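Please read all numbers here as calculations on a predicted model, not as lab measurements. Every number for a ligand or one of its atoms is a count from 1 in the order of the listing.
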Amino acid sequence: MSRIIVALDRVDKPIDWYKEFITKTQEYVAGYKLGLPFLIRYGIKGFEEISKYINREKLWIIDFKLADISHIMIKTVEPFIEMGYNTFIAHSFIGRQGSLKELKEYLTEKGSKLVLIYTMSHPGAIDILDKTIPLVEEVIANIRPWGLVAPATRPEMIERAREFLHKNMIESKILSPGIGFQGGKPGTAIQYGADYEIIGRLITYSDDPVAEIKEINDIHSRVMRNEKNR
Ligand code: BMP
């Protein structure tokens with residue numbers, strides 16, 4: 001089982017590049033993440049084109065980092081659910097009532113997954129997001145999302161998220177960005193307790209993405225073996 005989620009953020013290629021990329025890589029990854037750069041460059045038609053490749057066993061993540069009232073968030077995710085995308089990322093700081101509570105209920109009813117931000121990978125996350133963690137944890141304990149985003153650039157935050165989940169008997173997965181171009185080494189997030197590493201440019205700008213993915217899968221297998229032998 002692969003633990004790689006590829007962030008598809010390239011906007012300098014025609015849509016056919018994406019189709020070829022997904023065809024070549026899909027058997028070696030856990031899923032893909034598409035966000036605002038893709039929307040702005042290829043429009044809803046681009047998402048429709050990519051949706052032809054969707055298979056239910058993989059994570060097909062829409063990452064608009066939603067932060068709004070429930071009505072707007074539900075209207076935003078609806079067309080993507082109809083296309084087959086199955087996982088959606090939202091911020092935690094917007095709170096429950098009138099917002100995440102209804103979004104979670106809606107996604108659950110549709111058989112889709114909610115992923116909430118624990119804290120982020122950029123240095124500025126220290127200024128505000130890290131300081132909100134106790135409050136964010138309250139929201140997470142209540143919403144019980146399918147997954148959390150925690151940064152590979154500051155793996156101690158992954159440990160903190162893992163400990164919090166364990167203590168509260170919450171089964172959320174941890175998805176960790178920040179590998180490669182942002183400084184994290186492949187395998188680090190898994191070692192610190194993440195379930196998946198979200199990796200963009202290290203893979204999408206590689207001359208041989210399949211080889212890069214296979215190499216990272218090998219690193220992940222080694223890390224998992226070492227964890228088991230501890
Ligand atoms: P890259 O591996 O090229 O740095 O891309 C990272 C991806 O993860 C981007 O799609 C970005 O939006 C996302 N991401 C992040 O980098 N840090 C976060 O804290 C949360 C994210 O979703």
Check ligand 1 against [X] and write out every atom of the ligand that is under 4.0 Å from a heavy-atom position of the residue.
X	result
S121	15 (C), 16 (O), 17 (N), 18 (C), 19 (O)
A7	7 (C), 10 (O)
P177	8 (O), 14 (N), 15 (C), 16 (O), 17 (N), 18 (C), 19 (O), 20 (C), 21 (C)
D63	12 (O), 22 (O)
I179	2 (O)

Task: Least distance between heavy atoms, A150 atom then P177 atom - done: O-CD, 3.4 Å

- [ ] Could you tell me how the ring of W60 sits relative to the ring of Y32: parallel (under 30°), tilted (30 to 60°) or perpendicular (over 60°)?
- [x]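 Judged by the thresholds at 30° and 60°, the geometry between W60 and Y32 is tilted.
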
If you measure every N or O of [X] against every N or O of ligand 1, does any of those distances drop under 3.5 Å?
X	result
H122	no
G200	yes
R201	yes

Task: D9 heavy atom under 4.0 Å from ligand 1 - done: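 It does; at least one heavy atom falls under 4.0 Å.
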
Between the side chains of [X] and [Y], is a donor N or O closer than 3.5 angstrom to an acceptor N or O?
X	Y	result
T153	Q182	no
N217	S2	yes
H71	E102	no

Open item on the list: One thing to verify: whether E156 and R160 come together as a salt bridge, which I'm taking to mean a side-chain N less than 4.0 angstrom from a carboxylate O.
Closed with: no

- [ ] Heavy-atom distances under 4.0 Å are what count here, so tell me which part of M120 touches ligand 1: side chain, backbone, both or neither.
- [x]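 Near ligand 1, M120 shows its backbone as well as its side chain.
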
Task: Option passing side chain to side chain contact (heavy atoms under 4.5 Å, CB included) with T87 (candidates L107, L114, I61) - done: I61

